[in-house]
Amino acid sequence: MKKVILLFTIIIAFSSCKNKEELRAISKKETASDSTEVQKTSEFSIVIHGGAGTILKKNMTPEKEAAYLAKLEEAIRVGYNILRHGGSSLDAVEKTINVMEDSPLFNAGKGAVFTNAGTNELDASIMDGSTLNAGASAGTKTVRNPINLARTIMENSPHVMLSGAGAETFAKEHDLEIVDSSYFYTEDRFQSLQHVKEYEAKKQTDDKTAFYDSTIKDSKFGTVGCVALDKHGNLAAGTSTGGMTNKRWGRIGDAPIIGAGTYANNNTCAVSSTGWGEFFIRAMVAHDISALMEYKALSLKEAAKEVIQEKVPHLGGDGGIIAVDKYGNMVMEFNTAGMYRASMNDEGKLTIGIYKN
């Protein structure tokens, strides 16, 4: 009897060991399978936007369309070449945005829109996905390239955001380029201000006054941005804007607000927003996309679609985002008629778009 019990015990012990070995083998197999599913699709990637809004082909002259396409390509190739040669995503984002800030075509830097007082007030932000460090500036009037100021704040101050005169003092102390406020004057933007003021005056006397041109519809739009993944696996995002045409009282939109207009996290993605800032702030658009990826395991494409096509419109806002995840997947999602945009991957494949289709 004792021999039978002993034999039975040995059989159970052997079976248990065998099961454990099988479980370990299955676990190893699943781990291997998981690792193959998360391989990078691109060693490095870069995406840019030049603002979203009522951008219709019927309202665009061939000359103006060509100018936008050329500037978008010029800008993204600057960042692409930095990444291709092993440069950092932060450098790529900053230098790419500089090109758009220096162009009168976009509502940022040189092409900034006018406030109700006839001035130009600029905002910008940048974020490092490897450290979650960030910098932002708001309401500056003499700093030529606000994105440079945002990065300088990130790297050379204990703060995240500086505004107004204080931000300009900081910029001077760190030898950033300061220009006379007249540098930001462009006739197109000034006329846009006049159109919006005229519309507001008419609306006060007639509640039935409708939007009578795209300038009015898009007075709340306009931003430039860039997101990038470098060869070292680091993500970065940056956004720069002149804000809203005819804005008052020191209004600040989403562009300089980390989590709304800009967000980067190496665990998930990098995002830059463009749209009606008040709604992008309320929805914390850039961070929400990252959070959906981290907490709900959504893909970048799924997360961007849910936020831009469902959450923002539900609040009453519109606009778009560009984003890249830690594997190099890129997204350009918007719910407006158009968005100036471009992307490039490690193979040098260039995609440029303006209109919805």
Identify the two heavy atoms, one from [X] and one from [Y], that lie closest to each other, and give their separation to 0.1 Å.
{"X": "Gly243", "Y": "Val113", "value": "O-CG2, 3.5 Å"}
{"X": "Ile76", "Y": "Met344", "value": "CD1-N, 3.7 Å"}
{"X": "Ala134", "Y": "Met127", "value": "CB-CG, 4.0 Å"}
{"X": "Ala237", "Y": "Val93", "value": "C-CG1, 3.9 Å"}
{"X": "Ser89", "Y": "Asn234", "value": "OG-O, 3.1 Å"}
{"X": "Phe279", "Y": "Leu315", "value": "CE2-O, 3.1 Å"}

| query | Going by the angle between their ring planes, with limits at 30° and 60°, are Tyr340 and Tyr68 parallel, tilted or perpendicular? | reply |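 Parallel: the ring planes of Tyr340 and Tyr68 meet at under 30°.
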| task | Return the set of residues passing salt bridge (charged side-chain N to carboxylate O under 4.0 Å, His left out) with Asp288 (not counting sequence neighbours), or none when no residue passes. | result |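 In terms of salt bridge (charged side-chain N to carboxylate O under 4.0 Å, His left out), with neighbours along the sequence ignored, Asp288 is linked to Lys311.
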Can you tell me how far [atom2] of [Y] sits from [atom1] of [X], rounded to the nearest 0.5 angstrom?
{"X": "Asn266", "Y": "Leu235", "atom1": "CG", "atom2": "CG", "value": "5.0 Å"}
{"X": "Ile352", "Y": "Ile48", "atom1": "CD1", "atom2": "CD1", "value": "7.5 Å"}
{"X": "Met244", "Y": "Asn107", "atom1": "CE", "atom2": "CG", "value": "10.5 Å"}
{"X": "Ser42", "Y": "Asp325", "atom1": "OG", "atom2": "CG", "value": "10.0 Å"}
{"X": "Asp123", "Y": "Thr223", "atom1": "CG", "atom2": "OG1", "value": "9.0 Å"}
{"X": "Phe106", "Y": "Leu72", "atom1": "CZ", "atom2": "CG", "value": "4.5 Å"}

Exceeds 12 heavy-atom contacts within 6.0 angstrom, atom [atom1] of [X]:
{"X": "Lys231", "atom1": "NZ", "result": "yes"}
{"X": "Asn81", "atom1": "CG", "result": "yes"}
{"X": "Lys326", "atom1": "NZ", "result": "yes"}
{"X": "Glu187", "atom1": "CD", "result": "yes"}

When you measure from the side chain of [X] to the backbone of [Y], do you find a donor-acceptor pair of N or O atoms at a distance under 3.5 Å?
{"X": "Lys247", "Y": "Glu121", "answer": "yes"}
{"X": "Ser125", "Y": "Ala136", "answer": "no"}
{"X": "Thr96", "Y": "Gly79", "answer": "yes"}
{"X": "Ser273", "Y": "Ile321", "answer": "no"}
{"X": "Thr262", "Y": "Ile258", "answer": "no"}
{"X": "Asn246", "Y": "Thr115", "answer": "no"}
{"X": "His232", "Y": "Gly86", "answer": "yes"}

Do [X] and [Y] belong to the same hydrophobic cluster, where Ile, Leu, Val, Met, Phe, Trp and Tyr are linked whenever their side-chain heavy atoms lie under 4.5 Å apart, directly or via other members?
{"X": "Met332", "Y": "Leu300", "result": "no"}
{"X": "Leu298", "Y": "Val227", "result": "no"}
{"X": "Tyr183", "Y": "Leu149", "result": "no"}
{"X": "Tyr80", "Y": "Val224", "result": "yes"}
{"X": "Ile322", "Y": "Val324", "result": "yes"}

Is [Y] close to [X] at the side-chain level, that is, under 4.5 Å between some pair of heavy atoms?
{"X": "Asn265", "Y": "Leu132", "value": "yes"}
{"X": "Lys356", "Y": "Phe334", "value": "yes"}
{"X": "Lys305", "Y": "Val331", "value": "no"}
{"X": "Arg144", "Y": "Leu176", "value": "no"}
{"X": "Ile147", "Y": "Ile126", "value": "yes"}
{"X": "Ile354", "Y": "Lys57", "value": "no"}
{"X": "Ile289", "Y": "Cys269", "value": "yes"}
{"X": "Ile281", "Y": "Glu278", "value": "no"}

| field | Listed partners of Val99 passing side chain to side chain contact (heavy atoms under 4.5 Å, CB included), at least two apart | value |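 So Val99 forms a side chain to side chain contact (heavy atoms under 4.5 Å, CB included) with Lys71, Glu74, Ala75, Val78.
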| request: Give the intermediate values and the outcome of side-chain contact (heavy atoms from CB on, under 4.5 Å) for residues Ser240 and Leu122. | output: CA-CA 8 Å; Ser240 182; Leu122 295 85; 5.7 Å; no
| message | Measuring centre to centre across the rings, with the benzene-like ring taken for any Trp, is Tyr185 within less than 6.0 Å of Phe114? | response |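 Yes - the distance between ring centres of Tyr185 and Phe114 falls below the 6.0 Å cut-off.
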| said: Run Ile308 and Val285 through side-chain contact (heavy atoms from CB on, under 4.5 Å) and show every step you take. | reply: CA-CA 8 Å; Ile308 297 302; Val285 164; 4.1 Å; yes
| Step-by-step side-chain contact (heavy atoms from CB on, under 4.5 Å) determination, Asp318 to Val312 | CA-CA 6 Å; Asp318 45 9; Val312 172; 5.6 Å; no
Exercise: do [X] and [Y] side chains pair donor with acceptor under 3.5 Å:
{"X": "Ser272", "Y": "Thr239", "result": "yes"}
{"X": "Asp180", "Y": "Ser182", "result": "yes"}
{"X": "Glu101", "Y": "Asn98", "result": "yes"}

| task | Given side chain to side chain donor-acceptor pair (under 3.5 Å), test Glu168 with Thr142 step by step and report yes or no. | result | CA-CA 7 Å; Glu168 293 185 338; Thr142 61; 3.2 Å; yes
| request: Please report the C-alpha distance between Asn120 and Arg189 in whole Å, then the side-chain angles of each, then the deciding distance to 0.1 Å, and finally whether the side-chain contact (heavy atoms from CB on, under 4.5 Å) criterion is met. | output: CA-CA 10 Å; Asn120 308 98; Arg189 299 302 190 195; 5.9 Å; no
| said: If we check side-chain hydrogen bond (donor to acceptor under 3.5 Å, both in side chains) with Arg151, which of these qualifies: Asn156, Asp91, Asn145, Asp128? | reply: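 Of the listed residues Asn156, Asp91, Asn145, Asp128, the side-chain hydrogen bond (donor to acceptor under 3.5 Å, both in side chains) partner of Arg151 is Asp91.
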